[in-house]
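Numbers here are sequence positions counted from 1.
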Amino acid sequence: MAWAGREIGVSYPRGRPHAVRFSHRFSEGGRGLGRPNFSLFLVYAGLVAVAVVDRGWPWALVGFCGPWTLSGLFHLPGNVRDRNRRIDELAAMAVVPGRVVAVLRSVTVDSDGQTLTTLMPVVTFTTLDGREVTAYCGSGIPDPAGSRGSDLTIHYAPADPADFVLDVEAERRSWKRDMAVNVVGVLVVAAAAVVGVVAL
């Protein structure tokens, strides 16, 4: 009932429409710039390599870490906004009891002949305003194989019950850890770029 009347995103591997996945978040299709961007990166990496061979190792730090630093500084404010928004969403989630009603088992064979088995628990819960929700639960259940019939605590967004988590604290820690990794990464590449400039 939480999904009634809603447009959903559908994705599937090319040529395999039976391996369909549904999502409540749409993602824009590619603009066909993957290969040109990769080609441009290869040209740039070649120029940096020539500079390193011709003028010394500091150019490797300046050539690679400089652009990474600028990219990190450009994306960091957006990451901070996303992190703060998600933490606010987690704090506003309602709490209801839920239950694992089934565990779907999917067996596929890849091109190398390896058999891949995926277990996907299905949970059901009723929102505070009476909507019945049945959904896949891709994470948060420690033992998916033996989880059928387990009682759970569900945290969901009141405006969108399809946005639910089992462990709010774990997700909050994950977002904080992700932000720390982003900040530390930007600082490390910035320091490496500065070392390269000083060593020139």
query = What is the minimum heavy-atom distance between P144 and P121, and which atoms define it?
reply = CB-CG, 3.9 Å
ask   = Do side-chain atoms of D112 reach the backbone of Q114 as a donor and acceptor pair under 3.5 angstrom?
value = no
ask   = Does the pair V123 and L152 meet the rule for a side chain to side chain contact (heavy atoms under 4.5 Å, CB included), with working shown?
value = CA-CA 9 Å; V123 300; L152 306 168; 3.6 Å; yes
message = As an exercise, state the distance from CG of D82 to NE2 of H75, rounded to the nearest 0.5 Å.
response = 11.0 Å
ask   = With a 4.5 Å limit on heavy-atom distance, are the side chains of L104 and Y136 in contact?
value = yes
request  = Could you tell me whether the side chain of P161 reaches within less than 4.5 Å of the side chain of R131, counting heavy atoms only?
outcome  = yes
request  = Decide yes or no for L166 and T153: does some side-chain heavy atom of the first lie under 4.5 Å from some side-chain heavy atom of the second?
outcome  = no
ask   = How many angstroms lie between CG in L119 and OG1 in T117, if you round to the nearest 0.5 Å?
value = 7.0 Å
ask   = Do V133 and Y156 come close enough that some side-chain heavy atom pair is under 4.5 Å?
value = no
query = Roughly how far apart are R99 CZ and T124 OG1, rounded to 0.5 Å?
reply = 10.5 Å
task = Would you kindly confirm whether L187 and L61 end up in one hydrophobic cluster when ILVMFWY residues are joined by side chain heavy atoms under 4.5 Å apart?
result = no
ask   = Would you call V103 and S147 a side-chain contact if the rule is heavy atoms closer than 4.5 Å?
value = yes
remark   = Rounding to 0.5 Å, atoms NE2 (H155) and CD (E169) come to a distance of 8.5 Å
query = Do M179 and L73 share a hydrophobic cluster (ILVMFWY, side-chain heavy atoms under 4.5 Å, transitive)?
reply = no
inquiry  = Any heavy-atom pair between the side chains of N84 and W175 that's under 4.5 Å?
reply    = no
inquiry  = Would L90 and E171 count as a side chain to side chain contact (heavy atoms under 4.5 Å, CB included) here? Give the steps.
reply    = CA-CA 8 Å; L90 291 172; E171 182 155 344; 3.9 Å; yes
Nearest-0.5 Å distance that lies between atom OG1 in T69 and atom CG in L76 = 11.5 Å
Expected output: side-chain Y44 to main-chain S39 donor-acceptor under 3.5 Å = no
key: Considering all heavy atoms, the nearest G196-P58 contact   = O-CB, 3.5 Å
query = Is there a path from V100 to I154 through hydrophobic residues (I, L, V, M, F, W, Y) whose side chains come within less than 4.5 Å of each other?
reply = yes
key: Residues D178, K176; criterion salt bridge (charged side-chain N to carboxylate O under 4.0 Å, His left out); working and verdict   = CA-CA 5 Å; D178 181 64; K176 289 181 178 178; over 6 Å; no
message = Between D160 and E89, is there a side-chain heavy-atom distance shorter than 4.5 Å?
response = no
task = Could you tell me whether a side-chain N or O of S174 sits under 3.5 Å from a main-chain N or O of A170, the two making a donor and an acceptor?
result = no
ask   = Is the shortest side-chain N to carboxylate O distance from D88 to R86 below 4.0 Å?
value = no
query = Side-chain contact, heavy-atom cut-off 4.5 Å: L200 with W59?
reply = yes
request  = Give the cluster check for I141 versus F125: same hydrophobic cluster or not, with ILVMFWY residues linked at side-chain heavy-atom distances below 4.5 Å.
outcome  = yes
query = How far apart are the C-alpha atoms of M93 and D163, what are their side-chain angles, what is the distance that settles it, and do they pass the side chain to side chain contact (heavy atoms under 4.5 Å, CB included) test?
reply = CA-CA 9 Å; M93 285 186 164; D163 179 15; 3.9 Å; yes
Single-linkage hydrophobic cluster, 4.5 Å side-chain cutoff, L70 and V195 together = no
request  = Applying side chain to side chain contact (heavy atoms under 4.5 Å, CB included) between V107 and each of T115, L116, T118, report the one that passes.
outcome  = T115
